[in-house]
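Everything below concerns the one structure shown next.
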Amino acid sequence: MLGNGADAARRAIESEEQLLIIARHVKKAGAHLLRGGAYKPRTSPYSFQGLEDAGLKILKRVREETGLPVVTEAVDHEVYDLVEEAADMVQIGARNMQNFSLLKRAGRSPKPVLLKRGQSATVEEWLMAAEYILERGNPRVVLCERGVRTFTRHSRNTLDLSAVPFVQRESHLPIVVDPSHATGKRHQVTPLSRAAVAAGAHGVMVEVHHAPEEALCDGAQSLHPDEFETLCRQIRLVYQASTSP
Ligand code: PEP
Ligand code: MN
C-alpha cells in the first residue's frame with residue numbers, strides 16, 4: 001500500500017479463515033497492506049462491533065502467515081496500546097478525527113498513523129488534526145480521504161477528490177483514498193479508485209470480500225476478489241498514464 005498507485009485491501013475481521021482467504025487473494029492481486037477492523041466504530045450499538053482482542057490475534061496470525069503488513073483502527077485510548085502492538089500502522093477513523101487526546105496519543109507512538117478525514121471536516125481541519133500527531137513527535141502520518149456528508153442520496157458520502165491535489169500542494173503528507181466508505185456501493189468503487197489514482201492519490205484502500213452477501217459489515221461496498229484483481233491492473237495503467245511526461 002501507499003506506494004504510488006498501490007492498494008490496501010480491507011474488511012472487518014470475522015474469522016481467521018475468512019481473513020486468510022481474503023488476504024491471500026489480495027496479496028496475489030498486488031496489495032501491499034491488509035486492513036482488517038478488530039474494533040469497529042459502528043453507527044448503531046446493535047451492529048457487529050468487531051471481534052476486538054480476538055480480532056487482533058487473528059490479524060497477527062494472518063500477518064505472519066501471508067507476510068502482509070497490517071493496519072487496524074484504534075477506536076479509543078483504552079485500546080491504543082494493544083492495537084499499536086499488533087499493527088504495522090494504526091488507523092484513526094473519521095469519527096475520531098478531532099479526538100485531540102487520541103491524536104496526541106498517536107503522536108507518541110512509534111507506529112505510522114492512517115488518519116481518515118472526518119465526515120464533515122474541511123481539509124484545513126484535517127491537516128490541523130494531522131498536525132497534532134506530527135507536533136508530538138510522530139512524523140509518519142498518511143491521510144485518507146473517505147468522502148464527506150452532502151445532500152446526495154445516490155452515494156453514502158461524496159468523495160472529495162479535489163482534496164488530493166489540494167493536500168499535495170499544502171502539505172508534504174501522503175494521501176490515499178477510500179472509495180468504499182465514500183460511496184457504500186460496489187459499482188462505484190472501481191471507477192472512483194481509477195479516478196483517485198488519476199488525481200494523484202498515493203494509494204487506494206478498498207474493501208474486499210469473497211462472499212459479500214454474507215459479510216457481517218459493509219458487504220454492499222465490498223469488491224469480489226476478481227474485481228479487485230482487475231482494479232489493481234487498471235490502476236497501475238492509470239498511474240503510468242497520469243505520471244507520464
Ligand atoms: C473504516 O475504515 O472501517 C471506517 C469505519 O471508515 P470511516 O472511519 O471512514 O467511516
Ligand atoms: Mn467498513
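Numbering of ligands and ligand atoms starts at 1, following listing order.
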(request) Nearest heavy atom to atom 10 (O) of ligand 1 wins, so pick from Arg95, His181, Lys116, Arg117. (result) Arg95

(message) Considering Arg35, Glu145, Glu73 one by one, which has a heavy atom nearer to atom 3 (O) of ligand 1 than any of the others?
(response) Arg35

(message) Nearest 0.5 Å, please: how far is CG in Asn99 from NZ in Lys104?
(response)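 Separation between the atoms: 10.5 Å.
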
(request) Hey, could you give me the CG/CD distance between Leu19 and Glu16, rounded to the nearest 0.5 Å? (result) 8.5 Å

Quick check on contacts: which atoms of ligand 1 are under 4.0 angstrom from a heavy atom of [X]?
X: Arg146; answer: 7 (P), 9 (O), 10 (O)
X: Lys40; answer: 3 (O)
X: Gly93; answer: 8 (O)

(message) For the CD atom on Glu78, are there more than 12 heavy atoms of other groups (residues, nucleotides or ligands in this structure) within a distance under 6.0 Å?
(response)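 For Glu78, atom CD is not crowded (no more than 12 foreign heavy atoms under 6.0 Å).
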
(request) Please list, chain by chain and in numerical order, all residues satisfying ring pair (Phe, Tyr, Trp, His ring centres under 6.0 Å) with Tyr132, sequence neighbours excluded. (result)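 Testing Tyr132 for ring pair (Phe, Tyr, Trp, His ring centres under 6.0 Å), a comparison that skips the adjacent residues, returns Phe100.
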
(message) Between Arg186 and Ser222 (side chain of the first, backbone of the second, donor and acceptor by atom type, cut-off under 3.5 Å), is there such a pair?
(response) yes

Which atom name would you report as the N, O or S atom of [X] nearest the Mn ion (ligand 2)?
X: Glu207; value: OE2
X: His181; value: NE2
X: Asp218; value: OD2

(message) Less than 3.5 Å apart, any donor N or O on the side chain of His209 or Glu214 sitting next to an acceptor on the other?
(response)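 No, no side-chain donor-acceptor pair sits under 3.5 Å.
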
(message) At under 4.0 Å between heavy atoms, is it the side chain or the backbone of Met205 that contacts ligand 1, or both, or neither?
(response) neither

(message) Applying a heavy-atom cut-off of 4.0 Å, say which part of Gln119 lies close to ligand 1: side chain, backbone, both or neither.
(response)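 Gln119 to ligand 1: no contact under 4.0 Å from either part.
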
Indicate every side-chain donor-acceptor pair of residues 164-177 with a distance under 3.5 Å to a residue at least two apart or in another chain.
unit_1 : atom_1 : unit_2 : atom_2 : d
Gln168 : NE2    : Gly200 : O      : 2.8
Ser171 : OG     : Leu173 : N      : 2.9

(request) Grab the two heavy atoms, one from Gly30 and one from Arg236, that are nearest each other, plus how far apart they are. (result) CA-NH2, 3.9 Å

(message) Is there a polar contact between ligand 1 and Glu207, counting only N or O atoms under 3.5 Å apart?
(response) no

(request) Please confirm whether Ala94 comes within less than 3.5 Å of ligand 1 when only nitrogen or oxygen atoms on both sides are compared. (result) yes

